[in-house]
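Comments concern the structure below.
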Amino acid sequence: MNTKKKGRWLANLLNSEKYSSFTVSVLAIILTLITASVLLLLMGKNPLVAFRSFLQGCGFLPKANYGGGSGMLSDLTDFLNYLAPMLLAALAFIVGFKAGLFNIGIAGQMLLSGFVATIVIGYNKNLPAGVAKPLVLIIGIVVGGLAGALIGFLKYKFNIHEVVSTIMVNYIISYLTGFFINNKFVDMLTRTSRVCAPAARLTLTNIQIGGVNCKIPFGILIAIIMAIVVQFIFDRTAFGFELKAVGQNKNCAKYIGVSVGKSLVASMAFSGILAGLAGVTYYLGYTNTIIPKTLVGMGYDSIAVALLGNSSPVGSIFAAIVVTVFQQGANYMSSAVGVAKEIASLITGILLLYASCGGYMKGLARGVIQKDLDREAEAKRAASHKEDAGQGKEGER
Amino acid sequence: MEDYIVEMRHITKRFPGIVANDDVSIGIRRGEVYALLGENGAGKSTLMSMLFGMYEPDRGEILIDGKKVVFHSSNDATAHNIGMVHQHFKLVDNYTIAENIVLGSEPMTKMFGFLPSVDMKKANREIAELSKTYGLEVNPTDRIEDVPVSVRQRVEILKMLYRKADIMIFDEPTAVLTPQEIEFLLQIIDGLRKAGKTIILITHKIEEIKKIADRCAILYRGRLVDVLDVRTTSVQDMANMMVGRAVDFNPHKSEPDYRGTVLKVDHMTVKNENHFEVVKDVSFEVRSGEIFAIAGVSGNGQTEIADAITGMLKIDSGTVTLGGRDITHLTIRERAVEGVSYIPEDRHGTGVVMDFTLRDNLALRQYYRDPFSRHGILNFDKFQSYSETLIDRYDIRSGQGPKTIIRSMSGGNQQKAIIGREIEEHSKLIIFVQPTRGLDIGAIEKVHRQILDERDRGAAILLISLELDEVMELADTIGVIYNGQLLKIAPASTMTSHDVGRYMMGVKEA
Amino acid sequence: MTKVFTDGLSFAIPLLIMAVGAIYSEKSGVTNLAIEGFQGFGAFIGALIAVLLMPVLGNGSQAVIYIAMLAAAVGGGLYACIHALLCINFKANQVISGVVVNILGLALTTFFTSAANTAINGTASNKFVLGVSTRFTVPGLSRIPWVGGLFQNMYPFEIIIIVLVVFFWYLMYRTRFGMHLRACGENPQALDTAGGKVELTRWIAVIISGALSGIGGICFAYSILSQYSPSIYMGYGYLAIAAMIFGNWNIGTTALVCLIFGFAKSGGQQLCIAAGLPSNYSDLFLMLPYILTMLLLIFFSKKNHPPKAAGEAWDKGRR
C-alpha cells in the first residue's frame, strides 16, 4: 500500500501540467548521476569525490590549493566563459526544434561564423574595441543566419532532411575552413589559426578581481538576453505562435494561411543566428583561435541541454549549467580523481538518453493515474450495479 | 440451449477513461446474418475486435462452437475460422492484390531447391480461382494503390475466404460505396450465407439491416439494449432504440432562397504532386443561400476541388471567382480574408493543432490581426474572452475549458470547435468536407442544423461528402464527380439516390 | 585510374552494407539516423576483440579480421537495441532517438577506447592499432582495360560484404520475413490483422541494421589506416543514409549510388595527386563526396517515396 502511494506521488508530479517538465528533467539528472556513480565505482573511484571535483573545477566549491594568481573566482569566470556559447548553441537548437526542425549542424555554423569573424575582424589590428566587438557580433549573426537559412531553404524547396544536409554542410565547412586556415592563417607553432586581436575578443582576460586573475565574458550577457528574447518570441508573439504551429502540424499551419516555407527558412535562419552568436562567443571569446578541421563537441552537447531543459529557453539556462559543469569541470576532475576527461561527454550522452525518454516517463505516469481512476470508476459502477440489479436482469433477458 | 456458433458472455472492455463494452452478452446462430446496430461509439467495433482477437476482454468469455476460447491475437481468431473486414481497410498500398491476400499465411516454395521463398505464382493462381468461385472479380497482380475502393473491399473479403473463414465480420462495409455497389455487396453477403457462412454485420444503417439481416443486436453506449428479429420490428423502433430516444429523421429544411452567385469555378484543372490531373476542367456556381453538394466515390477529386478553392492546392488552369473577384492567384490567407471558410476532411491532420489548447485552436483564424495581436504581440485576454464566447455559443464541451489540450477532447467536440471557428468568420462561402464523419447521431443532427442555418443566413455552402444520405438530405443542388470530372449538375429535387449513384460510377446520361 | 577503382570500391562496399542496414530499419517503419552510432560502436567492439586476440593468434593472422567482423556485427546489433527500445517500445521521436544514439555512441567509444588502452597497455591512447588485411587480385578480370582496377588489390571483406548484400536482398524480397518487414513499414495494421508480429519484426530489422552497420564500420577501420579510432567516421553513417535516399530505399539502386560516392572520393584524391597540388589541397578534394551528396539531394529528394509508416510509432490500440 505504501509503495503504491509513493508511486502515485511520483506519477502525479510527472503528470502535473505545472511541474512535469521540471520533474522529468530532475529525474533524468538523478538517473544520470546514479549511472555515472555505478560507472565510477566499477572503475574503483569514489563517485562523491568525483562529483565534488567537477564542481570544484567550475568554481562552485573551493579547491584544495590554487596556483599563483588564480582562485575560485577565476574558475567561476572560466565556467561562465564556456557557459555562454553552450547556452546560445542550445537556444539555436530549441528555435529549430520548436518549428519541427533538427538543427544538428550547430557546430558547423559556429565554426563558419567564428572563422569569418576571425579573419575579417580578428586579424584587423587597427579597429578599436568599441567597433570591433559589435562588428564581431554582427558577423556572427549574418553568417550564422545565412548558413541556417540555407538549410531551411533546402528543406522547403527540395525536401532535403535537415539532419542529413546539416551533417554534409558540417563537413564541407570543416574542410573548407581547414583548408584556408592551413594555407593562410596558420600559426606554425601551434598548428591552429593565429590568435585574434584582443580588441575583437568578446571576453576580457587578465582582469584582477580580489587579487586573482579573472575573465569577463560579455557572451554570458548576450546569452541570457537571448534566452529571454527567445522565450518572449515563443510565448507572446504571433511569429512564435506561427512557428509552433508549423512545428506541430504543418498541414494545419498551411490551412490557416501561414506560409510554411517562409516559416521554415525563418526558423532555421533564427537558429543559425543563435548558432553564429555561439560561434563568435566560442572562437572569439572562450578560445582565441581555431583548430582546423575540428567541429566542437558543443554542437551535440547543446542538444542535450535543449532536451534536458524541455526545450524551454529559460529552462535551458539551468540545463546548460548542469551540462557545462560536467564539460568544464572535467579537466580538474580528471587530474584530481584520475578518470579520463572524456567521461564528461559520456555523462552528457547518458543525460541525453534519459532526457529523451521524458515522454515515455510521462506516459507511464499517466498510465498509473488512469489505472487508479479506472479502478475507482469500476468500484463505483459495481456499487451502482448492485443497486439496480433487478433492472439489470430484465435487460439481459 | 440454442446451438450458437459464437457466444460472447458478459463482455466488459474498458479503455483509458471510457467503458467501451459493459457486460454485453450475445449469441450468434450458425448460418445467419447477425447485425450489430448502434451509433458511433456504441461499442460495436470494439466488441467485434475482441471476437477477432485484436483486444482481450477485461471480463467475460467467448465461446466458439460451444467451447471456451481465449484469443491473444488475430492469429488465434483466424485459426478458429473467424475473419474480419475492417472499416478502414488493412491493406498495403504498394503490394499487389495477391500479396495482400496471402500476407500472414504465404504459400512457400524452395528457390533453387533449398532457399525458402514465398511462392507468388501459386498465390496468384489460387486467388484467381477463388475470385472466380465467389464472383469477386479481381486481378491478382494489380497493385492496391491502383484499384478503386470497391475492389479493395473485394480484396478484404477474399482475404477472409483465402483463410477459410466461416464466421465473417463486416465493419461498416457500405460506408463508402455507391447504392449500386451496396446492392452488389449485399448480394455477395447473401451468397456467402447460402454457402453456409455466418455473417456479422456492423452498421448504423437500418435499411441495410432490413434488407439482409436475420437478427439484430442494438448497442447503446457500450451496453446491449436488445436483440430483435428483423422481420418483425419496424425501422422507427430500431432507430429509437439505437439512439436511446425518438429520432427526427428529417431535419426541418426550408425552401431555398437563392440570391446572387458567390462562388464561380470556371474550367478549373488541378494536378497533384505527381503531375497527374485529379480535377479536370470543372465548372460550377454556388449561390448565396444554396447548398451545393458534390457527391462521389472517395478519391475522385472532390477533396482536391476544396483544396484548390481554398488555396491549399495550386490551380493548374481555369479560374475561381468569389463574389465577383478573381481569387485564383491569391494566397490561402488572402482567400480566407476575402470570405472563404473551410471545414477540412482531416480533422486531426489539418483542422487543429492537436497539442495546442482549445483557446489557441479557436483563435487560429484571428491570432494575427487586431485585437488578437498588435504589432506582432499576442493579446491573450482577447484569446481568452473569444474562446469563452465560442465555447458557449457552440456548446463545445471539454475537461478544463479554454486551456484544455484539444487532443484530449472527443472527436465530436473537436469538430464543434472547428465548425464554430469557421462559421464565426461569417464568410461568404463555407466549404464543408465530410463534416460528420465519425460523429454520433446526436452530433450529426447538430452539424446538419448548423449547415442549414448558415445557408439560411445567406452563405454559399459547398458540401463535399462521401455519404450519399447526407448529400440527399441537405443539398439544394447536386454535382456528381467521377474521375475528376463533374458528370452531372442538377437540382436535388430532380434526382433520386439511384440516379446519383449511377453517375458516381461513371455512367453518363442514360 | 586503377587506383580510383580500387580505392573507390573499398570505400563504396562498406558504405553499401551500412546503407542496406539503414534500408532494413526504414523499410520496417523505423526511421534510422543512428547508422553513424551503430557503425562506431560495432567497430569499437570488433576492434577491441581484434586487439585482444592479436597477441593470442599472432600479429599477422587474418583470422582475427573475420572474428573482428563477427564481433562488430554483434556489437552493432546489441547497441542498436537502444534505438529499438526507444523507438518501438518507448515510442520516442525516432529522429531524436537517432541523434541521441549517435552522440552517445561517440561518447561511449571515445571514453572506452582510452579506458581499454589504459587497461591493456597502460597508455591512454585514443586508437586501436589493427593488423593489416591482406589483399588479392582476381586473375583474368583484373586485366580488363579500364575497369580492371575494380578487381585489383581487393580486400577479402569486400567479397564477404557482397555475398551478404545478396543474401539480404533475398531476405527482403523473397522470403516471408521480408514480406512482413516491408508491410510493417507501409501499413503495420495490415500485418497485425493478418497475424504478423509488428514489434518483433521491427526489432529484428533494427538489430540487423545495427549488425550490418557494425560490419561496415570495422571494414572502414581496416581499409582506411588499419587502425580504429572513434574519430575516423567522418559522417559516413549519414552518407549511407543519403545513399539510401537516392537509392529510393531500394537495395539495387542504392548499391549504384554507393559506387558513385566511392569513386567520387577516390577520384578526388587521385585528381589532387595527378594535378601535382601540395597535400594541403587534399582538404578541398575531401569535400567532394559531401558536395556531391548535397547536389544529388537537391536533384532527387523531391521524387522520393519513403516507406509510409516510417517515423511513426505503432500503437496496437490505435485504429
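Atom set for the values below is all heavy atoms of this structure, side chains included, hydrogens, waters and symmetry mates excluded. Chain naming here is simple, since letters A, B, ... match the order of the sequence lines and numbering starts at 1 in each. What you see is a predicted model; the values in this text were computed from it and never measured.
Side-chain contact between Leu86(C) and Ser356(A): present, with at least one pair of heavy atoms (C-beta onward) separated by less than 4.5 Å. The closest side-chain heavy-atom distance from Leu352(A) to Leu104(C) is not below 4.5 Å. Considering only heavy atoms from C-beta on, Ile347(A) stays 4.5 Å or farther from Phe111(C) through its side chain. A heavy-atom distance below 4.5 Å is not found between the side chains of Glu342(A) and Thr113(C). Taking 4.5 Å as the limit, every side-chain heavy atom of Ile167(A) sits out of range of all side-chain heavy atoms of Glu36(C). The shortest side-chain heavy-atom distance between Asn93(C) and Phe102(A) falls under the 4.5 Å cut-off. Between Met294(C) and Leu154(A) the shortest side-chain heavy-atom distance falls below 4.5 Å.
With a 4.5 angstrom heavy-atom cutoff, Met43(A) touches chain C only via side-chain atoms. Residue contact with chain C, scored on non-hydrogen atoms closer than 4.5 Å, involves the side chain of Leu39(A) exclusively. The contact between Ile172(A) and chain C is made by backbone and side chain atoms together, counting heavy-atom distances below 4.5 Å. Using a 4.5 Å cut-off between heavy atoms, Phe112(C) touches chain A through its side chain atoms alone. Interface remark: Ile160(A) contributes backbone and side-chain atoms alike to the contact with chain C (heavy atom separation under 4.5 Å). Neither the backbone nor the side chain of Lys341(A) comes within contact range of chain C, judged by heavy atoms closer than 4.5 Å. When heavy atoms are compared at a cutoff of 4.5 Å, Asn126(C) does not approach chain A at all. Using a 4.5 Å cut-off between heavy atoms, Ile291(C) touches chain A through backbone and side chain atoms alike. Contacts between Leu288(C) and chain A at a heavy-atom distance below 4.5 Å are absent for every atom of the residue. For a residue to count as touching a neighbouring chain, one of its non-hydrogen atoms must lie under 4.5 Å from one of that chain's; by this rule Ile350(A) touches chain C with backbone and side chain alike. Only the side chain of Ile241(C) comes within less than 4.5 Å of a heavy atom in chain A; its backbone stays farther off.
Most heavy-atom pairs under 4.5 Å with chain C, from the set Val339(A), Leu353(A), Asn182(A), Leu364(A): that is Leu353(A). Top candidate by heavy-atom pairs under 4.5 Å with chain A, chosen from Leu106(C), Thr110(C), Ile96(C), is Ile96(C). Ranking Val164(A), Asn183(A), Asp301(A), Val169(A) against chain C, the residue ahead of the rest is Asn183(A), based on heavy-atom pairs under 4.5 Å. Of the listed residues (Gly178(A), Ser165(A), Gly297(A)), the one with the most heavy-atom contacts under 4.5 Å to chain C is Ser165(A). Contacts with chain C were tallied for Leu351(A), Leu346(A), Thr348(A); Leu346(A) has the most, counting heavy-atom pairs under 4.5 Å.
To the nearest 0.5 Å, atom OG of residue Ser174(A) and atom OH of residue Tyr290(C) are 8.5 Å apart. Atom CD1 of Ile303(A) is separated from atom CG of Asn102(C) by 9.5 Å, given to the nearest 0.5 angstrom. In this structure, NZ on Lys293(A) lies 7.5 Å from CE on Met234(C), to the nearest 0.5 angstrom. One finds the CG atom of Leu286(C) at 4.5 Å from the OH atom of Tyr175(A) (value rounded to the nearest 0.5 Å). Atom CG in Leu297(C) sits 7.5 Å away from atom CE in Met168(A) (nearest 0.5 Å). Atom CZ of residue Phe179(A) and atom CG of residue Leu284(C) lie 4.0 Å apart, to the nearest 0.5 angstrom.
Open room surrounds OH on Tyr156(A); 12 or fewer heavy atoms of other groups in view lie less than 6.0 Å from it. Shown here is Ile291(A), whose CD1 atom has no more than 12 heavy atoms of other residues, nucleotides or ligands within 6.0 Å. By the neighbour-count criterion of 12 heavy atoms within 6.0 Å, atom NZ of Lys250(A) is densely surrounded, having more than that number from other residues, nucleotides or ligands.
For the pair Tyr171(A) (side chain) and Gly235(C) (backbone), a donor-acceptor distance under 3.5 Å is present.
In terms of heavy atoms, Ala107(C) sits closest to Ser345(A) at CB-O, 3.4 Å.
Note: Phe90(C) and Tyr360(A) have parallel aromatic rings, judged against thresholds of 30 and 60 degrees for the angle between ring planes.
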Test log, rule side-chain contact (heavy atoms from CB on, under 4.5 Å), inputs Ile104(A) and Tyr238(C):
CA-CA 12 Å; Ile104(A) 61 170; Tyr238(C) 293 98; 3.9 Å; yes
